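Data first, discussion second: the structure below is written as structure tokens.
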Amino acid sequence: GAKKTNGETYTNLKAQTWGVVAQQLYNTYRYVVLGERDIEMRDMISIDIEDDQLFNKLARELSTPIWEKSDTNGKKKVESKAKMEKRTGQVSPNLADAVVMTRSPKLPAGNIKSML
């Protein structure tokens, strides 16, 4: 069908940015593991962590939150930290949040107020 805009798909910028990171991780998997070479480098993500324990923590945090549908408008939103902790026992994914924040799309000047 018709391609939806980010505003039609996601509840807020946080959800949109988690969606960006998820797509970049998937694109990286497709490039590295499946050998699909038609993917642009800017559409992938590379995280170089030599410490296995830290890498595993980040991987767990990035893969734990789930998508929910907003009750008010049916758009995608990221599971709240409180719901995630209740469901999994895992505390706030601060490391994953830090990575996700670095991938946030830049908003044109003047659009910040509409996101707050």
Side-chain angles (χ1 to χ4, degrees):
K3 187 172 180 167
K4 290 185 177 182
T5 65
N6 288 326
E8 294 169 326
T9 303
Y10 300 105
T11 302
N12 54 29
L13 186 59
K14 175 185 173 184
Q16 179 185 339
T17 305
W18 272 88
V20 166
V21 171
Q23 185 63 55
Q24 289 172 336
L25 289 167
Y26 180 61
N27 288 344
T28 303
Y29 167 80
R30 289 175 42 218
Y31 186 91
V32 173
V33 176
L34 302 179
E36 296 179 18
R37 300 296 185 230
D38 60 335
I39 301 166
E40 298 287 331
M41 291 294 171
R42 70 175 177 266
D43 295 331
M44 293 187 275
I45 191 168
S46 175
I47 302 171
D48 185 16
I49 300 175
E50 292 184 19
D51 181 334
D52 287 344
Q53 186 175 1
L54 184 60
F55 178 82
N56 289 336
K57 180 179 180 0
L58 176 59
R60 186 174 47 256
E61 287 186 11
L62 284 169
S63 62
T64 299
I66 60 174
W67 289 108
E68 297 179 335
K69 289 275 188 183
S70 171
D71 294 335
T72 57
N73 58 21
K75 296 178 184 180
K76 285 183 174 183
K77 68 178 184 177
V78 179
E79 174 182 37
S80 73
K81 292 179 182 187
K83 282 185 180 180
M84 185 194 73
E85 186 171 359
K86 184 177 180 182
R87 179 176 58 83
T88 67
Q90 180 178 317
V91 296
S92 177
N94 294 329
L95 190 58
D97 282 342
V99 169
V100 169
M101 283 189 264
T102 68
R103 309 307 290 182
S104 182
K106 294 184 180 182
L107 294 175
N111 285 358
I112 298 295
K113 281 187 176 181
S114 67
M115 299 307 294
L116 300 177

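Predicted model only: the values in this text are computed from it and were never measured. The analysis underlying the following values was restricted to heavy atoms, covering all of them including side chains, and did not include hydrogens, waters or symmetry mates. Starting from 1, each residue takes its place in the sequence as its number.
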- Message: Quick one, Asp43 and Tyr26 - any side-chain contact, counting heavy atoms below 4.5 Å?
- Response: no
- Side chains of Thr72 and Thr11: closer than 4.5 Å at any heavy-atom pair? no
- Ile49 and Val100: same hydrophobic cluster, using ILVMFWY side-chain contacts below 4.5 Å? yes
- If you round to the nearest 0.5 Å, how far is CD1 of Ile47 from CG of Leu95? 8.5 Å
- Message: Using 0.5 Å steps for rounding, measure from the CG atom of Asp38 to the CZ atom of Arg30.
- Response: 6.0 Å
- Under 4.5 Å between side-chain heavy atoms, hopping through other hydrophobics if needed: is there a path connecting Val32 to Tyr29? yes
- Taking the side chain from Thr102 and the backbone from Val99, do they hold a donor-acceptor pair closer than 3.5 Å? yes
- Item | Asn56 side chain near Gln53 side chain, heavy-atom distance below 4.5 Å | no
- Task: Please tell me if the side chains of Glu61 and Gln90 come closer than 4.5 Å, counting only heavy atoms from C-beta onward.
- Result: yes
- Item | Residue pair Trp18, Asp97: steps toward the side chain to side chain contact (heavy atoms under 4.5 Å, CB included) verdict | CA-CA 9 Å; Trp18 272 88; Asp97 282 342; 3.5 Å; yes
- Could you walk me through whether Trp67 and Lys77 pass side chain to side chain contact (heavy atoms under 4.5 Å, CB included), step by step? CA-CA 6 Å; Trp67 289 108; Lys77 68 178 184 177; 5.9 Å; no
- Item | Tyr10 and Lys75, any side-chain heavy atoms less than 4.5 Å apart | no
- Message: Working to the nearest 0.5 angstrom, can you tell me the gap between Lys69 NZ and Asp71 CG?
- Response: 12.0 Å
- Rounded distance (nearest 0.5 Å) linking atom OG of Ser80 with atom CD of Glu68: 6.5 Å
- Task: To the nearest 0.5 Å, tell me how far Ser104 OG sits from Gln16 CD.
- Result: 7.5 Å
- Query: Is Thr28 reaching over with its side chain to a backbone N or O of Ile45, donor-acceptor style, under 3.5 angstrom?
  - Reply: yes
- Message: With a 4.5 Å cut-off on side-chain heavy-atom distances among I, L, V, M, F, W and Y, is there a chain of contacts connecting Met44 to Leu34?
- Response: yes
- Message: Under a plain distance cut-off of 3.5 Å, with no hydrogens placed, do Lys81 and Ser92 share a side-chain donor-acceptor pair?
- Response: yes
- Query: Would you say the side chain of Leu13 lies within less than 4.5 Å of the side chain of Asn6, judging by non-hydrogen atoms?
  - Reply: no
- Message: Quick check on the hydrophobic clustering: are Val20 and Val78 connected, directly or via other members, by side-chain heavy-atom contacts under 4.5 Å?
- Response: no
- Can you tell me which residue pairs pass the salt bridge (Lys or Arg N to Asp or Glu O under 4.0 Å) test with a partner in residues 84-94, sequence neighbours excluded? Glu79-Arg87
- Item | Gap separating the OG1 atom of Thr88 from the NZ atom of Lys83, nearest 0.5 angstrom | 13.5 Å
